[in-house]
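Keep in mind that this is a model prediction, so the values were computed, not measured. In what follows, chains carry the letters A, B, and so on, assigned in the order in which the sequence lines appear, proteins first and then strands, with residues in each chain numbered from 1. These values consider heavy atoms only, across backbone and side chains, with no hydrogens, waters or symmetry-generated copies.
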There are 2 protein chains.
Amino acid sequence: MAIWPYNRQYVKKREDYRQVARIHRALANEARLMIIERLKKREHTVGELTKLLGLDQSTVSKHLSILLTAGILDNRKQANNVYYRLLIPCVMDMFSCTSKVLKKMQSM
Amino acid sequence: MAIWPYNRQYVKKREDYRQVARIHRALANEARLMIIERLKKREHTVGELTKLLGLDQSTVSKHLSILLTAGILDNRKQANNVYYRLLIPCVMDMFSCTSKVLKKMQSM
DNA sequence: TGACTATATGGCCATATGGCCATATAATAG
DNA sequence: CTATTATATGGCCATATGGCCATATAGTCA
């Protein structure tokens, strides 16, 4: 095992870790979490989210594209609006774990 | 509602988002994910993890401290070793969601 | 005590991130 | 067609991140 440069298994793992890290990085920002919170209820346009977040439109657009390419959101175009929606609802479930972490923190 | 500067509910939410984002940021790095993978099985010393990861000892120490202050790990000192262990096993469950994201990605 | 070992911290550097402004692009409306 | 609206992209800047090296700190053992 562990022939040059790495065995296939190892390379696969490394790549998996990179991917998983990328998903967490997408969720590692207040603004993007608020976007997800909103999209949990229904799809929204970029403009709507921009108003809700109180950030620059370009900033929101960049956040959306990060969530999009991370595979967490989906979008569709209608008229000259782009509607974004939550693609992976289980992302919300992850928050039940993060809240456990927070609870444990507070009890320390 | 929404008295100056924000109502209490809103402030709480903002703070929650900050905390959740911090947890995800802690998980948003290959090396730290590998550490968690290892600690899933049993506790390890800094030295063991340093060998396993092939990174500088100081780098590993910093990663551990990030996971520690994020509330994901715990540690104990014995002799002149510090053993780190996984505090919140449900962190592993989050990976079942991230793998769903990845699967969906690959099918696109 | 002093020497040794394990871990943590500070300094440094290259790169990434998150925000804004300005502007480009795309679609609609007139 | 032109003007308007919605969104995306590029440039910029301040700050954060992740890595290493060097060194400080803490604990053990003789």
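Taking 4.0 angstrom as the limit, B/H63 places a side-chain polar atom (N or O) nearer than this to OP1 or OP2 of D/dG19. Distances shorter than 4.0 Å separate none of the side-chain N or O atoms of A/T59 from OP1 or OP2 on C/dG19. Phosphate proximity of C/dA16 to A/R25: absent, as no side-chain N or O sits under 4.0 Å from OP1 or OP2. When the side-chain nitrogen and oxygen atoms of B/Y84 are compared with OP1 and OP2 of C/dA6, none of them lie within a distance under 4.0 Å.
Atom pair B/L33:CG and D/dG18:C1' shows a separation of 14 Å (rounding to whole Å applied). Distance CD1 (A/I66) to C1' (D/dA8): 13 Å, rounded to an integer number of Å. Computed from coordinates, the A/N75 CG to D/dA8 C1' distance equals 12 Å when rounded to whole Å. When rounded to the nearest whole Å, the span between OH of A/Y83 and P of C/dA26 equals 20 Å. In this structure, A/L49 places its CG atom 15 Å from C1' of D/dA8, rounding to the nearest Å. Nucleotide C/dA8 holds its P atom 15 Å from the CG atom of B/L55, rounded to whole Å. Here the P atom of nucleotide C/dT7 and the CG atom of B/L64 are 10 Å apart, to the nearest Å. Rounded to an integer number of Å, the gap from CG of A/L67 to P of D/dT7 is 16 Å.
The main-chain N or O of B/A28 is found under 3.5 Å from a side-chain atom of A/R25 such that the two form a donor-acceptor pair. B/T59 places no side-chain N or O within 3.5 Å of a backbone atom of B/L55 that could act as its donor or acceptor partner.
A salt bridge between A/R42 and A/E48 is present, with a side-chain N of the basic residue lying under 4.0 Å from a carboxylate O of the acidic one.
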Which atom pairs, one a donor and one an acceptor, fall under 3.5 Å between side chains of residues 60-69 of chain A and the rest of the protein, sequence neighbours left out?
| from | atom 1 | to | atom 2 | distance (Å) |
| --- | --- | --- | --- | --- |
| A/H63 | ND1 | A/R32 | NH1 | 3.0 |
| A/T69 | OG1 | A/S65 | O | 3.1 |
| A/T69 | OG1 | A/I66 | O | 3.3 |

For nucleotides 24-30 of chain D, read 5' to 3', which letter fits each nucleotide if B means a protein heavy atom sits under 4.0 Å from the base, S means only the sugar-phosphate is that close, and - means neither? --SBS--
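In this structure the side chain of A/R85 never reaches within 4.5 angstrom of the side chain of A/H44, judged on heavy atoms. Between B/E43 and B/D74 there is no side-chain heavy-atom pair separated by less than 4.5 Å.
Here the side chain of A/D56 is nearest to one of C/dG19, C/dA8, C/dC21, namely C/dC21. Looking at the side chain of B/K62, the nearest of the listed nucleotides D/dG18, D/dC20, C/dG18 is D/dC20.
Under 3.5 Å, the side chain of B/Q57 and the base of C/dA8 form at least one donor-acceptor pair of N or O atoms.
Mapping A/N81 and A/S58 onto DNA chain D via the closest heavy atom, the residue that lands nearer the 5' end is A/N81.
Considering NZ of A/K41 and CG of A/L86, their distance stands at 12.5 Å, rounded to 0.5 Å.
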